[in-house]
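Notes for the one structure printed next.
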Amino acid sequence: MRLSAYFLPTLKETPAEAQIASHRLMLRAGMIRQSSDGIYSWLPLGFRVLKRIETIVRRELDIAGCQEVLMPTIQPAELWRESGRYEDYGKEMLRIRDRHDRDLLYGPTNEEQITDIFRASVKSYRELPRNLYHIQWKFRDEVRPRFGVMRGREFLMKDAYSFDVDFAGAKRSYNRMFVAYLRIFARMGLKAIPMQADTGPIGGDLSHEFVILADTGESAVYCHRALIEFDVLSAGIDYDADLEPIVAQWTQHYAVTDDKHDPDACPVDPDDLVTARGIEVGHIFYFGTKYSKPMNAVVTTAEGETVPVEQGSYGIGVSRLVGAIIEASHDDAGIIWPDAVAPFAVALINLKPGDAATEAACEDLYAKLRAAGVEVLYDDTTERAGVKFATADLIGLPWQLTVGPRGLAKGIVELKRRATGERDELSAEAALARLTA
Ligand code: ATP
Ligand code: MG
């Protein structure tokens, strides 16, 4: 993509309304634009990151045996009356009435809807387990929308729902998602720590919030140092195997958010206790028959009994993750995208547009990188070099490849790694080899 043709409305000034780095940087880098309180449009650069995150989520969930569907954003109130949540949900739910005076709502989540889909067709334990997910916009009329996409009113969520015939099956489904979540966040370059969360009236310990550590996190978190050091991706994964040992490796250590932390009862040696702030990026939850009972979603067991199906739900804040990743990875100059979610891999910077040799070298690199499948944002504008470097640092692409007449005279270009600031002077061929490796 040529920057001269790209819709990238960057801002020089720091927007006054933005309180945290990710919000400031997303506005300054032209990724989003506020439409109304807590509701945003995604501009080309931001939209690319959102799609990257979706792809990572999708890939891992598909490997874990989940199947993607797409449910609507607008749901009928009747379904929520069946579960009893229409009255309970309160002011966060956006209620709508259509021209025929039917009550509708903009879904804040989809348990009722998926349970309705399930009960219409699945009748037997033979068709289980199942895990269906979608990636869809949600609306919650938050009291205090803030921090940009981190706490929006309209936001993109991946929500998955598991169905099993009994508790043992439900626990297996839960474990699968537990492990899938660890891998999904690790693939994005994030260290997400599963923390014990409240299960409400159902009890048990089958609810975890996945939290990444960042100074601007909304809640204080406490965990054993060991959890920070675990490596998630080095070993392969077989989702059909017994995943309990992997889950146990994580859950054996203390990790809680502040509402569950009791300093007097904390079992961790103070030297091993990490106290930090955290951002919730995912939440997994086993809730048994909470919806299947009132909504009569039943299956027959191998013994011929009829039982309500055992369910769990599993959310990931896809749009929140864009902000969360920036919170975890930026510096004073701008964003530092982890490779896996970067909107483009390379910023190709032409220091002297109009200079024939520089132009030719840039065009050649641009064509060859694209031919090799590397996504490049080519700064072919007539801005000053300083402005180009500032823009490149601000939008945070992993590599900056700079081409100018002085270097070319010596047969070199400059390759800078955004994350470390390391610069190498090398031939255009060597730079290409590095970027296409
Ligand atoms: P929170 O405690 O942050 O309000 P929640 O517990 O209400 O979130 P869940 O119902 O668990 O949220 O939703 C699943 C995921 O969706 C969360 O882990 C979070 O990443 C994301 N999410 C929830 N609310 C918002 C929001 N207002 N804006 C952006 N993302 C959100
Ligand atoms: Mg939650």
Side-chain angles (χ1 to χ4, degrees), residues 20 22-23 26 32 34-40 42 46 49-50 53-54 56-57 61 73 85 88-94 106-114 133-161 174 177-178 180-182 184-185 188 190 192-200 202 206-214 216-221 255-260 277-287 290-291 311-328:
I20 61 170
S22 60
H23 190 194
M26 288 181 75
I32 52 168
Q34 184 169 317
S35 164
S36 59
D37 222 14
I39 304 180
Y40 293 86
W42 291 77
V49 178
L50 201 60
I53 292 173
E54 277 188 23
I56 293 173
V57 170
L61 289 184
T73 53
R85 279 210 293 182
D88 291 353
Y89 213 92
K91 288 192 166 171
E92 282 195 5
M93 183 189 280
L94 179 63
Y106 193 122
T109 176
N110 286 64
E111 280 83 3
E112 284 79 357
Q113 187 138 54
I114 198 82
Y133 74 97
H134 73 163
I135 300 177
Q136 178 62 291
W137 294 93
K138 305 288 185 288
F139 191 90
R140 294 182 187 174
D141 206 351
E142 301 271 356
V143 200
R144 275 219 300 157
R146 57 186 180 148
F147 303 155
V149 299
M150 299 265 271
R151 183 164 296 285
R153 293 196 298 164
E154 192 183 39
F155 60 96
L156 189 60
M157 195 203 285
K158 183 286 299 177
D159 37 327
Y161 303 90
Y174 186 88
M177 297 304 278
F178 189 103
Y181 272 40
L182 290 171
I184 285 169
F185 296 123
M188 291 174 195
L190 294 173
I193 299 169
M195 306 209 163
Q196 252 179 56
D198 265 334
T199 44
I202 294 163
L206 287 190
S207 176
H208 287 90
E209 290 177 356
F210 285 72
V211 172
I212 62 167
L213 307 186
T216 45
E218 281 188 299
S219 44
V221 297
V256 296
T257 52
D258 49 3
D259 44 326
K260 285 205 137 191
R277 304 210 54 93
I279 302 170
E280 180 192 324
V281 288
H283 193 168
I284 62 176
F285 203 88
Y286 160 75
F287 49 73
K290 180 174 175 194
Y291 300 94
Q311 293 176 274
S313 73
Y314 315 88
I316 288 183
V318 174
S319 51
R320 174 178 289 183
L321 270 166
V322 181
I325 291 169
I326 297 174
E327 286 302 325

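Residues take their numbers from the sequence shown, with the count starting at 1. Counting starts at 1 for both ligands and their atoms, following the listed order.
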Any idea which protein heavy atom is nearest [atom], and the distance to it?
atom                    : value
atom 24 (N) of ligand 1 : Phe155 CZ, 3.5 Å
atom 15 (C) of ligand 1 : Gly317 N, 3.9 Å
atom 7 (O) of ligand 1  : Arg140 NH1, 3.1 Å

Requested in this report: Name the orientation class of the two ring planes belonging to Phe285 and Phe287 (parallel below 30°, tilted from 30 to 60°, perpendicular beyond 60°).
Outcome: tilted

Query raised in the report: According to the interplanar angle, ranging from 0 to 90°, do the rings of Trp137 and Trp42 count as parallel (below 30°), tilted (30 to 60°) or perpendicular (above 60°)?
Result: tilted

Examine ligand 1 and decide if any of its atoms is less than 4.0 Å from a heavy atom belonging to [X].
X      : result
Val149 : yes
Lys138 : no
Thr109 : no
Gly152 : yes

Atoms in ligand 1 flagged as close to [X], the criterion being non-hydrogen separation under 4.0 Å:
X      : answer
Glu142 : 24 (N), 26 (C), 27 (N)
Gly282 : 18 (O)
Val281 : 18 (O), 20 (O)

Query - Main-chain N/O of Tyr314 paired to Lys158 side chain as donor or acceptor, under 3.5 Å - result: yes

Query raised in the report: Do Arg153 side-chain atoms and Asp37 backbone N/O form a donor-acceptor pair below 3.5 Å?
Result: yes

Please work out which of [options] has its closest non-hydrogen atom nearest to [atom].
atom                    : options                : value
atom 29 (C) of ligand 1 : Glu280, Met150, His283 : Met150
atom 14 (C) of ligand 1 : Glu154, Glu218, Met157 : Met157
atom 3 (O) of ligand 1  : Arg144, Glu92, Arg151  : Arg151

**Report entry** the Mg ion (ligand 2) to His283: nearest N/O/S atom name
**Finding:** ND1

Query raised in the report: Is it true that Phe210 and Tyr181 have ring centroids separated by less than 6.0 Å?
Result: yes

Query raised in the report: Of all the atoms in Glu280, is at least one N, O or S atom closer to the Mg ion (ligand 2) than 2.8 Å?
Result: yes

Calculate, to the nearest 0.5 Å, the distance between atoms [atom1] and [atom2] belonging to [X] and [Y] respectively.
X      : Y      : atom1 : atom2 : result
Met157 : Tyr133 : CE    : OH    : 15.5 Å
Leu94  : Tyr89  : CG    : OH    : 12.0 Å
Phe147 : Ile20  : CZ    : CD1   : 5.5 Å
Ile56  : Ile184 : CD1   : CD1   : 9.0 Å

Query raised in the report: Can you find an N/O atom of Ser319 closer than 3.5 Å to an N/O atom of ligand 1?
Result: no

Query raised in the report: For ligand 1, is there an N or O atom under 3.5 Å from any N or O atom of Arg153?
Result: no

Report task. Using only heavy-atom distances, determine whether the side chains of Thr109 and Glu111 contain a donor-acceptor pair under 3.5 Å. Result -> yes

Query - Glu92 and Lys138 ion-paired at < 4.0 Å - result: no

Requested in this report: Check Arg320 against ligand 1 and report side chain, backbone, both or neither, counting heavy atoms closer than 4.0 Å.
Outcome: side chain

